[in-house]
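First comes the structure, then the notes that go with it.
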2 protein chains.
Amino acid sequence: MSTDDPKPRRALTLNDIAALAGVSRSAASRALDRKAPVKGPKADRVRQIAAEHGYVPNAWAANLRRQRTGLIGVVVSRLTDTPMAMIYEAVVEQAAARGYQAAVVSTDDDPRKALERGRLLLAQRVDGFVLTTARTDGADPFLLELQEQGVPYSLVMRTDGTGPAALTDDVAGGGLATRHLIEHGHRRIAYVGGPLYASSSQNREAGYRRAMEEAGLPVPPELVHHSDFSIDAGVDVGRRLLALADVPTAVFTANDSLAIGVMFAAQRAGVDVPGRLSIVGYTDTPIAARLSVPLTSVNVPFDALAADALDLLLADGGDRPAAPRLSDPSLVVRDSVAAPHR
Amino acid sequence: MSTDDPKPRRALTLNDIAALAGVSRSAASRALDRKAPVKGPKADRVRQIAAEHGYVPNAWAANLRRQRTGLIGVVVSRLTDTPMAMIYEAVVEQAAARGYQAAVVSTDDDPRKALERGRLLLAQRVDGFVLTTARTDGADPFLLELQEQGVPYSLVMRTDGTGPAALTDDVAGGGLATRHLIEHGHRRIAYVGGPLYASSSQNREAGYRRAMEEAGLPVPPELVHHSDFSIDAGVDVGRRLLALADVPTAVFTANDSLAIGVMFAAQRAGVDVPGRLSIVGYTDTPIAARLSVPLTSVNVPFDALAADALDLLLADGGDRPAAPRLSDPSLVVRDSVAAPHR
DNA sequence: CTGAAAGCGCTTACAG
DNA sequence: CTGAAAGCGCTTACAG
């Protein structure tokens with residue numbers, strides 16, 4: 001209704017500030033320069049006026065001129081997945097420490113969405129990408145596009161097997177978890193993985209298989225399942241495992257959500273955890289310690305992962321390291337593992 | 001080491017495409033126009049060449065010229081908080097449906113960080129803000145800055161009491177939860193809230209108090225606690241509640257994390273849920289259904305909230321509605337409530 | 001439909 | 001230290 005518009009619709013520009021301060025646009029720009037601000041009374045006046053008016057430079061104009069944005073594009077599967085949110089927040093912090101800003105996009109692990117939303121970031125001319133969505137099946141058109149266009153990127157948490165990657169040693173982590181179960185006397189141990197294209201799940205499985213083999217334990221096919229990383233997938237697989245003629249006495253899962261699902265299935269079926277079923281999770285999310293049976297889990301150092309991913313991305317000195325950077329996972333022992341019932 | 005750089009360092013520009021197609025920059029621009037692409041053989045050729053080369057227009061340059069970005073700034077406390085991640089993902093979807101893109105920033109509920117990171121979004125000249133971090137204590141310099149500069153915004157989930165807001169009817173939700181407990185025969189019911197400045201927590205408490213009063217039940221001060229929205233806060237308050245001389249038989253919490261914490265404290269103390277302690281949570285996050293005792297919780301319609309927030313923001317037709325838009329919460333009954341033990 | 005021209009808001013050699 | 005000028009990559013009246 002009101003035709004009067006008391007608020008300024010248009011944001012202040014550098015020209016406005018310069019005029020207010022009675023200097024040229026160039027002088028104003030230099031006075032407000034982040035890295036090498038000019039000294040002198042005129043410059044002080046510019047800064048004072050800018051602060052008074054809450055002047056915020058137009059980043060788009062500045063970046064266009066500078067030919068760099070200081071923006072890192074982050075691609076995640078979904079932010080409602082706690083580990084993804086944790087890695088993203090870690091990247092934000094690490095990026096800020098290096099003078100960069102992060103812009104995120106989620107793909108639901110759908111290559112089409114990845115391409116569509118990744119391009120939105122490409123349009124913003126981010127200086128590089130950190131991808132948490134790498135696949136080993138090659139079905140990632142967005143990654144191909146980045147490679148074709150020579151856009152710097154690094155992979156974190158998951159790898160496609162070739163790109164520069166910041167990972168935890170998932171094989172070692174899988175071994176840690178599995179040996180912990182073996183040491184408690186378990187011989188029939190199941191593995192519950194995530195999607196087949198996720199290297200994290202593959203390597204945790206490889207660590208599991210190696211530990212089983214070293215202990216001389218068989219890994220029959222009915223003990224290994226793959227699905228996605230959700231709680232409901234855990235419930236599902238958990239029920240199938242408990243319906244087996246020879247029910248396993250322990251389960252190692254590729255993440256905590258799967259473990260929570262398995263634990264739920266067990267408790268619903270009246271199977272005591274850890275009395276009748278021991279469980280070890282992975283990623284050690286905050287809720288793990290607060291479950292009815294606190295979950296033993298493999299801790300992932302998110303800050304180190306994020307730091308490595310950014311170092312890899314920003315190094316970009318012509319040649320990238322072929323081998324991934326590996327952080328060490330560690331086992332956090334809580335209450336979800338006991339000796340097998342006999 | 002390698003001095004040859006086979007990949008193009010610089011992204012293709014419209015000029016490149018125009019040259020390749022043998023047309024003027026203007027013609028190329030119009031051929032690639034999203035809304036009203038020009039027809040004709042030359043335009044077809046431009047589009048083909050652009051597609052072949054994976055040309056992605058520089059959004060910064062385009063936005064600078066257009067004087068709008070199509071970007072919505074979203075401010076959340078932290079993405080590792082599941083309800084926050086859910087509201088953000090919902091805003092992304094709703095924004096996309098309206099032709100907008102979302103850019104997010106997290107503040108840790110720290111007004112200083114909010115100002116600092118909010119300005120990053122301001123520098124990007126987002127067309128408006130959706131804020132989940134409103135406070136009733138007025139301690140939000142960033143919101144003041146938005147108001148001073150006349151930048152459109154809407155509040156979601158929480159309100160400061162004055163700004164345009166998309167909320168659930170938290171008073172009603174608090175009543176739903178509390179009456180559910182009363183109907184099961186509880187008389188000594190505790191409330192566990194979040195931070196004092198969060199209207200969501202205040203209103204859920206108000207609903208609780210009203211329901212208690214209507215049932216003629218007293219609310220002694222030792223039954224009402226405030227902290228933050230974390231699991232650990234729930235554990236803490238849960239322990240204090242269980243240490244009371246006259247332990248409550250039921251607890252209503254302002255979110256699911258607090259409920260999970262209270263449940264953990266109870267189970268650790270050997271207090272059966274719901275046998276000895278009934279619990280009702282709020283926001284109905286995915287894990288609620290998969291806890292050892294599936295949690296009865298008040299469901300929040302995130303999609304509706306996000307839609308309302310964007311409508312409010314984008315309407316911006318001079319005058320904004322004074323009253324907040326309210327969505328209806330609903331009670332999801334699961335297994336965490338039973339009649340009080342006698 | 002087409003092209004030439006102007007301009008969005010900045011930064012940065014250039015010359016003083 | 002200062003200002004005048006050029007230009008980043010686009011879009012959009014303007015004239016044909």
Side-chain angles (χ1 to χ4, degrees), chain A residues 8-47 49-50 53-71 119-120 122-127 149, chain B residues 8-47 49-50 53-71 119-120 122-127 149:
Chain A
R9 289 290 321 151
R10 193 178 119 295
L12 283 175
T13 73
L14 185 61
N15 269 332
D16 298 327
I17 300 299
L20 252 21
V23 299
S24 73
R25 186 171 65 219
S26 339
S29 177
R30 284 183 293 246
L32 267 14
D33 190 9
R34 281 262 162 222
K35 5 215 34 163
V38 117
K39 297 168 199 297
K42 287 200 180 179
D44 286 340
R45 186 164 156 68
V46 169
R47 280 186 284 269
I49 288 177
H53 290 77
Y55 168 68
V56 180
N58 183 322
W60 300 77
N63 292 342
L64 183 60
R65 171 59 226 249
R66 284 202 197 98
Q67 293 288 83
R68 68 177 291 280
T69 59
L71 234 43
R119 277 184 180 158
L120 257 21
L122 227 26
Q124 292 187 25
R125 295 297 186 268
V126 297
D127 292 332
Q149 306 201 0
Chain B
R9 290 292 317 154
R10 194 178 119 294
L12 284 175
T13 72
L14 186 60
N15 269 332
D16 299 326
I17 300 299
L20 253 20
V23 299
S24 73
R25 186 171 63 220
S26 338
S29 178
R30 284 183 293 244
L32 267 13
D33 190 9
R34 280 265 162 219
K35 6 216 30 161
V38 117
K39 296 169 201 298
K42 287 200 179 181
D44 286 340
R45 187 164 156 67
V46 169
R47 281 187 283 267
I49 288 178
H53 290 78
Y55 168 67
V56 180
N58 184 322
W60 299 76
N63 292 341
L64 183 59
R65 170 60 225 248
R66 284 204 197 97
Q67 293 289 85
R68 68 178 290 281
T69 59
L71 235 42
R119 276 183 179 159
L120 258 22
L122 228 27
Q124 293 188 24
R125 296 296 187 266
V126 297
D127 293 331
Q149 306 201 1

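Because the structure is predicted, anything quoted here is derived from the model rather than measured.
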Working to the nearest 0.5 Å, report the span between CG of A/Asp127 and CZ of A/Arg125. 11.5 Å

Counting heavy atoms from C-beta on, name the nucleotide in [options] closest to the side chain of [X].
X       : options               : value
A/Tyr55 : C/dT2, C/dC10, D/dC10 : C/dC10
B/Asn58 : C/dT2, C/dC10, D/dC10 : D/dC10
B/Val23 : C/dC10, D/dT2, C/dG3  : C/dG3
B/Arg25 : C/dG9, C/dT12, C/dA6  : C/dA6
A/Ala62 : D/dG3, C/dC10, C/dT2  : C/dC10

Between [X] and [Y], what is the shortest heavy-atom contact and its length?
X       : Y        : value
A/Leu64 : B/Asn58  : CD1-ND2, 4.0 Å
A/Ile49 : A/Leu20  : CD1-O, 3.6 Å
A/Ala59 : B/Gln124 : CB-N, 4.3 Å

Does this structure show an ion pair linking B/Asp33 with B/Arg30, if we count only N-O contacts that are shorter than 4.0 Å? no

So for [X] and [N], does any side-chain atom that can act as donor or acceptor lie under 3.5 Å from a complementary atom in the base?
X        : N     : value
B/Ser24  : C/dA4 : no
A/Arg10  : C/dG9 : no
B/Arg125 : C/dG9 : no

Atom-pair distance ([atom1] on [X]; [atom2] on [N]), nearest Å:
X       : N      : atom1 : atom2 : result
A/Arg47 : D/dC1  : CZ    : C1'   : 12 Å
A/Asp33 : C/dA13 : CG    : P     : 11 Å
A/Leu14 : D/dG7  : CG    : P     : 20 Å
B/Arg34 : D/dC10 : CZ    : C1'   : 15 Å
B/Asp44 : C/dC1  : CG    : P     : 11 Å
A/Asn15 : D/dA5  : CG    : P     : 14 Å
A/Leu64 : C/dT12 : CG    : P     : 12 Å
B/Arg66 : C/dC8  : CZ    : C1'   : 12 Å

Under a 3.5 Å limit for both distances, which nucleotide forms a Watson-Crick or G-U wobble pair with C/dA4, could you say? none

Start at the 5' end of DNA chain C and walk down; is the nucleotide closest to A/Ala27 or to B/Ala28 reached first? B/Ala28

With sugar-phosphate meaning primed atoms plus P, OP1 and OP2, does B/Thr13 contact a base, only sugar-phosphate, or nothing at under 4.0 Å between heavy atoms? sugar-phosphate

Mind checking A/Ser26 for me? I need base, sugar-phosphate or nothing, with any heavy atom below 4.0 Å counting as a touch. base

More 5' along DNA chain D: B/Ala59 or A/Arg30, using each one's nearest nucleotide? A/Arg30

Is the shortest heavy-atom distance from the side chain of A/Arg47 to the side chain of A/Leu32 under 4.5 Å? yes

What integer number of Å spans the P atoms of C/dC1 and C/dA5? 23 Å

Does the side chain of A/Gln67 get closer than 4.0 angstrom to OP1 or OP2 of D/dG7 through an N or O atom? no

